[in-house]
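These notes are about the structure you will find just below.
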Amino acid sequence: MSTRILIIPEDFRKDQYMLKPIIQALLDHLGRPTARVVVCQDPLLGGVSVALKKEKLIDIFEAYAGMVDLFLLCVDRDCEETRTTKLQERERWAKKEHDCKLIAANAWQAIEVWILAGHDLPPEWSWHTVRAECHPKEHYFEPLVKQRELFNTPAAGRKILAEEAARRYMRIRQLCPEDILPLEARVADWLAIPH
């Protein structure tokens with residue numbers, strides 16, 4: 001039986017198109033290409049604050065009990081210095097109170113940055129500046145979508161750009177070591193894969 005992973009995004013409407021290919025690429029890199037990755041679409045959480053609510057997570061744990069091996073909560077950091085601490089607290093709570101495996105992680109600063117990492121960006125953009133920007137969607141991701149004329153594609157360019165970026169997962173690992181590498185290591189530990 002293959003591994004079953006449920007991604008819990010803060011808002012699946014756009015995030016599903018980015019998270020599923022990137023997490024699948026992560027699993028392929030770890031030697032688990034047959035892992036089944038599904039994105040939680042019920043309930044629609046609609047933001048980080050809702051995604052971190054215990055009652056919403058309980059609803060998800062109960063709805064998917066027995067159907068999922070790993071819950072992967074993945075949200076934006078949004079320059080919120082305490083976000084990681086809150087996510088770690090949710091992991092401990094899920095293990096202690098609900099006996100389920102939850103890995104909670106945040107992208108630095110937004111999931112769209114992982115997608116940007118998988119692309120050749122305009123030469124005038126500094127990767128350090130992109131990485132540090134608290135609003136990378138508006139300042140970098142949307143201009144790339146506009147440049148590529150992808151606004152009228154699924155999830156305003158996210159589907160196409162994420163699928164392209166996922167094919168360059170090694171580049172994402174190289175450019176986003178603060179968030180992708182720890183997530184990858186934690187998934188590898190859970191899968192009992194030496195790294």
Side-chain angles (χ1 to χ4, degrees), residues 7-30 37 39 45-52 72-88 90 103-189 195:
I7 301 172
I8 306 169
E10 60 185 83
D11 189 327
F12 76 84
R13 292 172 290 190
K14 291 182 180 174
D15 291 354
Q16 66 179 322
Y17 295 103
M18 297 182 293
L19 287 169
K20 187 170 181 177
I22 296 301
I23 298 304
Q24 190 63 61
L26 182 153
L27 291 161
D28 291 351
H29 175 73
L30 292 176
V37 178
V39 177
L45 299 172
V48 177
S49 60
V50 179
L52 291 174
L72 176 57
L73 174 63
C74 196
V75 299
D76 294 339
R77 181 171 177 258
D78 297 323
C79 287
E80 175 63 49
E81 296 293 331
T82 61
R83 178 86 19 99
T84 302
T85 303
K86 290 176 185 174
L87 293 170
Q88 291 170 344
R90 286 298 177 265
I103 293 178
N106 58 242
W108 185 298
Q109 299 295 345
I111 295 163
E112 283 83 356
V113 175
W114 292 348
I115 308 312
L116 291 169
H119 289 272
D120 295 323
L121 301 178
E124 64 273 16
W125 292 2
S126 155
W127 181 248
H128 177 74
T129 305
V130 171
R131 199 74 171 128
E133 174 59 52
C134 288
H135 304 286
K137 295 175 202 175
E138 296 82 1
H139 291 98
Y140 296 103
F141 187 79
E142 290 174 4
L144 180 64
V145 170
K146 183 177 181 181
Q147 178 187 10
R148 295 276 308 271
E149 299 179 354
L150 295 173
F151 269 119
N152 293 322
T153 64
R158 285 165 177 81
K159 183 177 189 313
I160 291 170
L161 292 175
E163 289 170 356
E164 292 173 358
R167 290 192 289 272
R168 300 177 80 188
Y169 179 71
M170 296 307 286
R171 180 179 165 92
I172 298 171
R173 291 180 84 241
Q174 177 188 0
L175 293 176
C176 302
E178 302 90 345
D179 45 359
I180 283 289
L181 294 183
L183 174 59
E184 185 182 290
R186 294 169 68 213
V187 172
D189 287 344
H195 52 94

Exercise for review: Would you mind checking if Arg168 and Glu164 are paired as a salt bridge, meaning a charged N to carboxylate O distance below 4.0 Å?
Suggested key: no
Exercise for review: Specify the closest pair of heavy atoms between Ala51 and Val75, including all atoms of both residues, with the distance to one decimal.
Suggested key: CB-CG1, 4.4 Å
Check your understanding: Given the rule in the salt bridge (Lys or Arg N to Asp or Glu O under 4.0 Å) test, do Glu163 and Lys159 qualify, once you have shown the distances and angles that lead to the verdict?
Key -> CA-CA 6 Å; Glu163 289 170 356; Lys159 183 177 189 313; 2.6 Å; yes
Check your understanding: So, does Arg173 use its side chain to make a donor-acceptor pair with the main chain of Ile180 at under 3.5 Å?
Key -> no
Practice item. Test side-chain contact (heavy atoms from CB on, under 4.5 Å) on Leu26 and Ile172 and set out the steps. Key: CA-CA 10 Å; Leu26 182 153; Ile172 298 171; over 6 Å; no
Point to revise | Pair Cys79-His135, side-chain contact (heavy atoms from CB on, under 4.5 Å): steps then yes or no | key: CA-CA 9 Å; Cys79 287; His135 304 286; over 6 Å; no
Practice item. State, to 0.1 Å, how close Asp15 and Pro9 come at their nearest heavy-atom pair, and which atoms those are. Key: CB-CB, 3.8 Å
Review point. Parallel under 30°, tilted from 30 to 60°, perpendicular over 60°: which one fits the rings of His29 and Tyr169?
Key: tilted
**Study point:** Heavy-atom pair with the smallest gap, counting every atom of Asp76 and Ala110
**Key:** OD1-CA, 3.3 Å
Point to revise | Distance in Å, Ile160 CD1 paired with Leu150 CG, rounded so as to fall on 0.5 Å steps | key: 5.0 Å
**Study point:** Test log, rule side-chain contact (heavy atoms from CB on, under 4.5 Å), inputs Lys86 and Val48
**Key:** CA-CA 11 Å; Lys86 290 176 185 174; Val48 177; over 6 Å; no
Exercise for review: Evaluate the side-chain contact (heavy atoms from CB on, under 4.5 Å) criterion for residues Leu116 and Trp127: first the C-alpha distance (whole Å), next the side-chain angles of each, then the deciding distance (0.1 Å), finally the verdict.
Suggested key: CA-CA 9 Å; Leu116 291 169; Trp127 181 248; 4.1 Å; yes
Review point. Among Thr129, Val145, Ile115, whose side chain to side chain contact (heavy atoms under 4.5 Å, CB included) with Tyr140 holds?
Key: Thr129
Check your understanding: Do other residues, nucleotides or ligands put more than 12 heavy atoms under 6.0 Å from the CD atom of Glu178?
Key -> yes
**Study point:** CZ-CG distance between Arg83 and Asn106, expressed to the nearest 0.5 angstrom
**Key:** 7.0 Å
Review point. What distance do Ile23 atom CD1 and Cys74 atom SG have between them, rounded to the nearest 0.5 Å?
Key: 5.5 Å
Review point. Do Leu183 and Leu72 have side-chain heavy atoms sitting under 4.5 Å apart?
Key: yes
Review point. Quick one: are Asp11 and Val50 in side-chain contact, heavy atoms under 4.5 Å?
Key: no
Check your understanding: Between NZ of Lys14 and CD of Gln16, what distance do you get to the nearest 0.5 Å?
Key -> 12.0 Å
Check your understanding: Looking at Asp179 and Arg77, does any basic side-chain N land under 4.0 Å from a carboxylate oxygen?
Key -> no
Study note, to complete from the structure: Looking only at heavy atoms, the pair that brings Leu87 and Ala105 closest together is CD1-C, 3.5 Å
Review point. Any idea which heavy atoms bring Ala162 and Pro21 closest together, and the distance?
Key: CB-CG, 3.9 Å
Review point. Quick one: NZ on Lys137 to CG on Leu144, what's the gap to the nearest 0.5 Å?
Key: 15.0 Å
Exercise for review: Flag the pair Gln147 / Leu121 as yes when at least one side-chain heavy-atom distance between them is below 4.5 Å, and no otherwise.
Suggested key: no
Review point. Roughly how far, to the nearest 0.5 Å, is the OG atom of Ser126 from the CD atom of Glu133?
Key: 11.5 Å
Check your understanding: Heavy atoms, side chains only, cut-off 4.5 Å: are Glu112 and Arg158 in contact?
Key -> yes
Practice item. Please name the pair of heavy atoms, one in Trp108 and one in Trp114, separated by the smallest distance, quoted to 0.1 Å. Key: N-NE1, 4.5 Å
